[in-house]
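In listed order, ligands and their atoms are each counted from 1. Any value given below was found using the heavy atoms of this structure, including those in side chains, with hydrogens, waters and symmetry copies removed.
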Amino acid sequence: MYQAVYNGQLSGNGKYTKKCQHYFENQYGFKKCLLTTSCTDALEMAAILCNIQLGDEVIVPSYTFVSSALAFVRQGAKIVFADSMERNPNIDAEKIESLITPRTKVIVPVHYAGVACDMDRIMEIAEKYDLLVVEDAAQAIDSFYKGKPLGSIGHLAAFSFHETKNIISGEGGMLAINDERFIRRAEIIWEKGTNRAEFFRGEVNKYGWVDVGSSFLPSEVVAAFLWAQLESLNEIQQKRKLLWNKYYELLKPLADSGRFRLPDIPEYATNNAHMFYLVCNSLEERTALIQLLKENDILAVFHYLSLHSSPYYQDKHDGRSLSNCDRYADCLVRLPMYYDLNIEDVERICNVINGL
Ligand SMILES: Cc1ncc(COP(=O)(O)O)c(C=O)c1O
């Protein structure tokens, strides 16, 4: 960060922004990366790039963070919410095809807890109906589907570096562009609708207003913070996986006895240890578990509320029941998971849970 200050450029698209972007491009094979100030911003850029028009339909899982849908709503889209799978909170790829209409334009798979959606099936459907796929990879850095990095499979992908994620910059995000058709326009949208990036590369002799856009790029201070995290990526991931595996090992006996379910990692997916969650048998059991942990000074929290029945969207939803999504909204609880946690903390938390 000091270096970013000494370099004399604190505004965006400087040395550290480029270093981070090149790192991601080289490490994960994304064709082009652009850092953004949040994953929400990256999703907003994706919605603009997909050229969403009023009334276009976008298929989004209901069990997700509001931004997965909101970014497209801002461009005029109608969101068609999809249910989760029975086995884990990811979108049920087998149910997507029945949601497609002539107005469908985009599918947004969200890799919940950094665990891959069934991307072969989703890309096959997208190809069949000529749809775009925007991966919401907010939680999915350094995770893979059949050996392919998440975020490298869809036409576009959005990552988050919010402080709750595996690698962080306070607030922060990134758009990964895998379909080369979008690269030039993405750079313009990123820089307030101007061709400034081309000017700084010497490709044009002046720059001006050529399209829509916004100020989506972060400052060099944010990028420098992120760069320091990237230098420690392996160490961070190793530590998180150690903690995650300890949770799994210590809670397996109680899960085997039917008290709750442990996280599900399908055979096609890897685990980036972003989150450790349990799925309780009912809302009452989850409430009791959260209370028990609270009495022992352990903060465990539930996660998303179903977006299809949110105050903003319930009148716009078509009334289909999304029962797996509702079950995760009622029954899923997240246990503490952050870099500074240690094995002794995990053992203590599991002891409390095992006393259920
Ligand atoms: C699935 C998902 N998408 C999008 C976001 C938005 O990320 P950001 O806070 O970086 O805008 C989050 C945030 O937690 C998320 O979990």
Can you tell which part of Tyr304 has a heavy atom less than 4.0 Å from ligand 1: side chain, backbone, both or neither?
-> side chain

Give the contacting part of Cys39 toward ligand 1: side chain, backbone, both or neither, where contact means a heavy-atom distance below 4.0 Å.
-> both

State the OG-NZ distance between Ser84 and Lys95, to the nearest 0.5 angstrom.
-> 9.0 Å

Among all protein non-hydrogen atoms, which one is nearest to [atom], and what is the separation to 0.1 Å?
atom	answer
atom 4 (C) of ligand 1	Asp136 OD2, 3.6 Å
atom 14 (O) of ligand 1	Lys165 NZ, 2.7 Å
atom 2 (C) of ligand 1	Ala138 CB, 3.4 Å

Any donor-acceptor N or O pair under 3.5 Å, side chains Gln139, Ser160 = no

If you measure only the distance, is there a donor-acceptor pair under 3.5 Å linking the side chains of Tyr28 and Asp142?
-> yes

What do you reckon, does Thr164 have a nitrogen or oxygen under 3.5 Å from a nitrogen or oxygen of ligand 1?
-> no

Purely on distance, is any nitrogen or oxygen of Thr64 under 3.5 Å from one on ligand 1?
-> no

Verify whether the ring centers belonging to Tyr328 and Tyr112 lie closer than 6.0 Å.
-> no

Is it true that Glu94 and Arg121 make a salt bridge, defined as a side-chain N closer than 4.0 Å to a carboxylate O?
-> yes

Are Glu198 and Arg201 within salt-bridge range, i.e. N to O under 4.0 Å?
-> no

Close-contact set for ligand 1 against Ser160 heavy atoms, below 4.0 Å = 7 (O), 8 (P), 10 (O)

